[in-house]
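Naming: A, B, ... by sequence-line order, numbering from 1 per chain.
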There are 2 protein chains.
Amino acid sequence: MDVARLAGVSPSTVSRILNGTAKVSDDKRLAVLAAIDKVSFAPNQMAQGLKKGRSLTIGIVVQDISSPFFDETLRGIDDGLKGTGYASVIVSGHWNAEEEADRVRLLLARKVDGIILLSGRISDEAVLGFSSQRPIVSTGRALHTRTALGFKTDNEYGAWLAVRHLVELGHRRIAFISGPTNNHDADERLAGYRRALAESQIDIDPALVVEGNYHEASGMMAMNRLFDTHQQFTAVFAANDLSAYGARLALYRKGIRVPDDISLVGFDDLPGSSYTTPPLTTVRQPMYDMGRIATQALLRLINGDTVQGEIPPVELVVRETTRRVR
Amino acid sequence: MDVARLAGVSPSTVSRILNGTAKVSDDKRLAVLAAIDKVSFAPNQMAQGLKKGRSLTIGIVVQDISSPFFDETLRGIDDGLKGTGYASVIVSGHWNAEEEADRVRLLLARKVDGIILLSGRISDEAVLGFSSQRPIVSTGRALHTRTALGFKTDNEYGAWLAVRHLVELGHRRIAFISGPTNNHDADERLAGYRRALAESQIDIDPALVVEGNYHEASGMMAMNRLFDTHQQFTAVFAANDLSAYGARLALYRKGIRVPDDISLVGFDDLPGSSYTTPPLTTVRQPMYDMGRIATQALLRLINGDTVQGEIPPVELVVRETTRRVR
DNA sequence: CTGTTAGCGCTTTCAA
DNA sequence: TTGAAAGCGCTAACAG
């Protein structure tokens with residue numbers, strides 16, 4: 001080590017000072033510190049990692065690097081990592097199980113100390129399998145082993161909240177723009193929609209539920225399909241905010257006022273949803289908190305500590321796209 | 001190496017097969033491949049990195065992990081990295097030069113092979129300094145050395161485009177919601193606004209330019225300040241889309257129609273801007289392309305190849321928030 | 001074509 | 001309190 005020579009000590013001594021591993025006499029400490037400063041030395045993390053068996057890096061798997069849906073969660077993770085010395089490498093599974101599994105293997109090869117999986121598409125079994133190599137915490141699943149932990153938001157309840165809100169405002173013809181089929185969350189939101197209607201003795205009209213894929217364009221098209229088939233309705237519940245944005249635009253194009261003519265509610269409460277025109281009534285998922293909590297949990301798993309998976313519940317945020325039916 | 005024993009060969013042979021470094025007899029190759037498969041072996045990247053002196057990792061410095069402003073660029077980077085074997089560590093400077101410099105040092109200690117700096121706050125000198133350790137490409141600066149490259153979007157021209165568009169629609173009282181003071185890009189956009197007005201012989205009314213900070217809330221407040229001071233205007237140009245969103249909401253609250261009563265134009269063309277109500281006229285920055293191009297350039301710098309820093313120009317995207325003044 | 005050897009930069013016994 | 005030596009997992013030079 002360069003610094004060691006410069007300070008006239010052995011590499012071990014430098015290491016001891018860097019890590020506070022053992023007592024070192026003050027004169028040597030000073031000399032070493034001076035040398036470190038002089039060369040502006042920073043230990044090679046790869047070498048450290050190789051030796052210590054930990055990389056001080058965690059892996060994060062998202063599905064789309066450029067989606068507002070993941071932004072808040074990433075911020076939560078970032079904050080959760082603050083001051084821990086950990087950094088994160090972020091990879092994307094692109095909503096595809098195969099690719100996602102590949103990414104996880106890639107992270108494992110990079111010797112990340114743990115993995116956070118956001119909206120993963122791989123099976124629980126796959127997660128459990130990977131978790132034998134490194135601890136994993138994942139959103140959207142119910143898991144709880146010594147090395148794998150899941151956090152689940154209650155989609156069914158959230159959807160129920162949204163629809164009940166509309167029902168309470170007097171709406172009875174409520175359209176639903178769903179998420180993609182074969183998506184677990186989407187199924188649950190549909191179930192919540194159904195239950196809320198059933199509880200209010202409102203018949204479910206299949207013609208009123210139209211499929212989307214969580215993107216803006218699909219919300220717009222879904223809305224247009226509703227119009228094209230001449231459906232009657234006074235409110236629409238979109239399975240997520242993005243498709244609500246699309247629906248909103250379709251409404252605007254038709255000259256239909258929100259909320260005066262039609263009420264609209266979304267799901268997620270993306271950062272942008274307080275600044276739509278008008279601000280969107282939606283179901284809030286605590287994404288930031290999830291990121292933070294997941295991170296803290298992962299760090300505990302990495303240390304072999306016990307954890308528990310509790311996150312704040314979803315809640316209805318009433319803004320300005322819903323009103324009493326007249 | 002475990003695999004080596006299992007296949008009855010030396011570690012070097014395994015390495016050679018993994019890296020294609022030399023000819024290996026077919027029988028041994030098969031045996032090794034089988035062994036690799038059996039143990040599902042993946043080389044330890046930290047060890048590889050330590051040995052080879054490259055980590056196959058690049059560092060990305062953004063200013064805010066959860067801003068739509070960086071999302072598209074990150075996607076461009078992600079795509080640019082696709083198939084290269086590189087992964088990226090993303091850190092945030094939080095719009096703060098000190099913190100940003102710290103992050104860069106952290107990345108350097110992690111032995112990233114290169115760094116992409118987005119909207120950095122540190123000085124060009126600092127960038128140049130760091131670039132002696134690892135190549136750096138940065139947005140928002142004009143740099144061109146063997147290890148540092150800058151890409152600059154023409155903010156002045158973009159702003160000029162926006163304002164000229166409004167002028168051509170007959171607007172003469174055009175308010176400007178600026179970016180934060182002491183921000184280079186923001187200054188340039190202000191300059192473009194001024195030049196466009198000056199070229200059209202329109203006097204610049206200082207009361208019509210009000211300061212924002214690029215966030216939605218500031219756009220809203222700026223708008224309100226304009227109203228509170230009873231300014232007369234028929235159009236407003238916001239220095240970025242986010243503040244345009246805020247301005248839009250302020251307008252909505254006052255019951256002022258866009259674009260019928262007031263025209264609005266933004267800057268950036270965030271993904272969400274095609275789905276605002278109505279869709280926002282704005283100046284498009286080619287963020288995705290910048291990410292992609294920056295990545296390709298960085299990879300070349302890492303290889304010691306020569307590069308050139310060319311990105312597509314900004315362009316006006318006319319959507320539905322502007323109309324001819326009546 | 002293949003094995004042996006050395007070493008990347010660090011930490012951690014083990015002695016002294 | 002400190003240094004010498006070994007080794008983390010891999011690759012590259014050197015023999016053979």
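- Between the side chain of A:Ser92 and the backbone N or O of A:Gln63 there is at least one donor-acceptor pair closer than 3.5 Å.
- With 3.5 Å as the limit, one finds a donor-acceptor pair spanning the side chains of B:Thr153 and B:Gln285.
- Of the N and O atoms on the side chains of B:Arg110 and A:Thr57, at least one donor lies less than 3.5 Å from an acceptor on the other residue.
- Atom CG in A:Leu56 sits about 11 Å away from atom P in C:dT11, given to the nearest Å.
- One finds no salt bridge joining B:Glu100 and B:Arg103 here, because no Lys/Arg side-chain nitrogen approaches an Asp/Glu carboxylate oxygen to under 4.0 Å.
- A salt bridge links A:Asp79 with A:Lys82: the distance from a Lys NZ or Arg NE/NH1/NH2 to an Asp or Glu carboxylate oxygen falls below 4.0 Å.
- No hydrogens or angles considered: a donor-acceptor pair under 3.5 Å links the side chains of A:Thr13 and A:Ser10.
- Atom CG of B:Leu30 is separated from atom P of C:dC1 by 15 Å (rounded to the nearest Å).
- One interatomic measurement links the two molecules: NZ of B:Lys111 to C1' of C:dC10, which rounds to 12 Å at whole-angstrom precision.
- Across the protein-nucleic acid pair, B:Asp27 atom CG and C:dT2 atom P stand 7 Å apart, rounded to whole Å.
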Reading 5' to 3' through nucleotides 8-16 of chain D, protein heavy-atom contacts under 4.0 Å coded B for base, S for sugar-phosphate only, - for none:
BBBBBB---

